[in-house]
Amino acid sequence: MGAPSSCEIDIGLAVLSVLIKPGMTMTRADMADVCGCTKYQIETIEKNALKRFERLARIKGLHNYLDE
């Protein structure tokens with residue numbers, strides 16, 4: 001079995017978003033197990049999402065709410 005596709009990782013993350021209750025935490029390793037990928041791939045997804053969020057927050061004038 002090769003590396004999971006981005007679609008498979010997306011499905012795993014969608015499942016986690018439904019199963020995880022507010023206040024629960026998971027490690028990247030736990031998330032990677034559910035998604036069938038590596039901790040590094042989860043970390044990369046997280047970094048990219050944070051960059052997009054920060055860029056949109058600055059565009060919309062919400063930069064004051066970001067931790068610098």
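- Cluster annotation: Ile45 is connected to Ile20 through the hydrophobic network of ILVMFWY side chains, with a link wherever side-chain heavy atoms come within less than 4.5 Å.
- Side chain of Glu54 to backbone of Lys51: no donor-acceptor contact under 3.5 angstrom is found.
- Residues Ala32 and Lys39 share a closest heavy-atom pair of CB-N, 3.7 Å.
- Separation of atoms CD1 (Ile9) and OG1 (Thr38) is listed at 7.5 Å; rounding is to 0.5 Å.
- Going from atom OG1 of Thr25 over to atom CG of Asp30 covers 8.5 Å, rounded to the nearest 0.5 Å.
- Note: Cys35 SG to Leu16 CG = 5.0 Å, rounded to the nearest 0.5 Å.
- Connection of Ile42 to Met24 is established within a shared hydrophobic cluster, with ILVMFWY side chains joined at heavy-atom distances below 4.5 Å, either directly or through further cluster members.
- Transitive grouping of hydrophobic side chains (ILVMFWY, heavy atoms separated by less than 4.5 Å) keeps Leu13 and Ile11 in distinct clusters.
- Residues Val18 and Val15 have side chains not in contact (no heavy-atom distance under 4.5 Å, counting atoms from C-beta outward).
- Under the 4.5 Å side-chain criterion, counting only non-hydrogen atoms from C-beta, Glu46 is in contact with Arg28.
- Salt bridge Lys47/Glu43: present, at least one basic N to carboxylate O contact under 4.0 Å.
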